[in-house]
Amino acid sequence: MPELPEVETIRRDLAAKVVGRKIMSVHILSPKSAAPNAVFLKKNLLGRKIIRLERRGKLLIFALSPSTDLLGSKSDSADYLLIHLKMTGQLIYVDKKDSLAGGHSLSAQAKSLAEAVGGTLPNRHTRAIIGFSQGARLFFNDLRRFGYLKLVGAAELAKILQNNYGPEPLTAAFSLTAFQSALTGRKTKIKALLLNQKIIAGLGNIYADETLWLARIHPERRAGALSAVEAKKLWRAINRIIGRAIEYRGTTFNNYVDAGGRQGNFFGFLKVYGRAGKRCPACRTTIVKSKIVGRGTHYCPHCQI
DNA sequence: CCTTGTGTTCTCCG
DNA sequence: CCGGAGAACACAAG
């Protein structure tokens, strides 16, 4: 489940590989994964350079060089490729020298990559392949097909970002006062609020649970009922957990791998997520898992009140 | 049946 | 009856 730290890890690694590179080929293996459609994506990606790679919450934004197609819409030309990995998406970059196709004489890097993706690429979950010069390829794999590639113009991108994404942890926009005012008057459970991308962009189920454990707050508490002290603890916990998780290149719980096919290193730092029935590292009480706002929620019933 | 991120739809309340 | 908040549902597929 790629959340902010995992998507940021992919963004950083991938930026070094693809920014400045020209797109030489586009293969859409699963039309359902491409918006508005596979034909439009192919037509508008071919021959263009990736000039920046950005991220907003869990959304990757590939900024493209201006289109040479003078017949294209001038009002809002499709200059941004959005990629969302949702639950099971992977973006894996492979240089020609690391090609998995041969099977013989693989480099050590290629071997670990092959292990991570369960064999060769493309595999049966590959939904799209973007080819660059010198045989380099970017594979979009997505077992459950919830993720997508979507090509949009600047105006549509601005609308998407404005309508769906609140401030990012670890940025000036995510100030303590901004967080406090997002809590005031809210009757929703704090767990639901943490998952709401319009309030904080980038937290998913793993980091929401970890954050609440660190702040010692019960997931069913009403957001607006948190004291000023609790709000500050939670705000600090969000920044701490997200910062640490980025440092450790994210969490591999199920099938997350980075752009090089490597696992994240934050798994061992998880205190509650996926640890139901085990003991709380702080007090030794058995960690509970329950369903809160429709999501599996892990917490310590003793520490978190 | 379970899993999750997000968009959509439903329901409630003032 | 309107608007907004929050909850519930829909989606995919193993």
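Any value given below was found using the heavy atoms of this structure, including those in side chains, with hydrogens, waters and symmetry copies removed. Since the model is a prediction, treat every value here as computed from it, not as a measurement. Numbers restart at 1 for each chain; the letters A, B, ... are given by sequence-line order, proteins then strands.
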Please list, in 5' to 3' order, the outermost nucleotides of DNA chain B lying under 4.0 Å from any heavy atom of chain A.
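Under 4.0 Å from chain A, the extent on DNA chain B is B:dT3 to B:dG7.
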How would you label the contact of [X] with the nucleic acid (heavy atoms, under 4.0 Å): base, sugar-phosphate, or nothing?
X: A:K289; result: sugar-phosphate
X: A:R295; result: base
X: A:N254; result: nothing
X: A:R222; result: sugar-phosphate
X: A:Y256; result: nothing
X: A:G147; result: nothing

If we check side-chain contact (heavy atoms from CB on, under 4.5 Å) with A:L85, which of these qualifies: A:F140, A:Y148, A:Y256?
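For A:L85, the side-chain contact (heavy atoms from CB on, under 4.5 Å) test succeeds with only one of A:F140, A:Y148, A:Y256, which is A:F140.
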Among A:L194, A:L212, A:T211, which residue satisfies the side-chain contact (heavy atoms from CB on, under 4.5 Å) criterion with A:I217?
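Considering A:L194, A:L212, A:T211, a side-chain contact (heavy atoms from CB on, under 4.5 Å) with A:I217 is found only for A:L212.
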Would you please name every residue forming a side-chain contact (heavy atoms from CB on, under 4.5 Å) with A:R144, sequence neighbours left out?
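By the side-chain contact (heavy atoms from CB on, under 4.5 Å) rule, A:R144 matches A:M87, A:T88.
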SB check [X] [Y] (cutoff 4.0 Å):
X: A:E247; Y: A:R244; answer: yes
X: A:K191; Y: A:D209; answer: yes
X: A:R11; Y: A:E8; answer: yes

Mapping A:K86 and A:K291 to their closest nucleotides on DNA chain B, which lands nearer the 5' end?
A:K291
On DNA chain C, reading 5' to 3', which nucleotide is the first and which the last to sit with an atom under 4.0 Å from a heavy atom of chain A, could you check?
C:dG6 to C:dG14
If you count every heavy atom of other residues, nucleotides or ligands that lies below 6.0 Å from A:H302 atom NE2, does the total exceed 12?
no
Connected via hydrophobic side-chain network under 4.5 Å: A:M1 and A:F267
yes
With nearest nucleotides of DNA chain C determined for A:L143 and A:G294 from heavy-atom distances, which residue corresponds to the more 5′ nucleotide?
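Looking at DNA chain C, the more 5' nearest nucleotide goes with A:G294.
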Let me know which of A:E3, A:E6, A:E168 forms a salt bridge (Lys or Arg N to Asp or Glu O under 4.0 Å) with A:R55.
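That would be A:E168; it is the only one of A:E3, A:E6, A:E168 passing the salt bridge (Lys or Arg N to Asp or Glu O under 4.0 Å) with A:R55.
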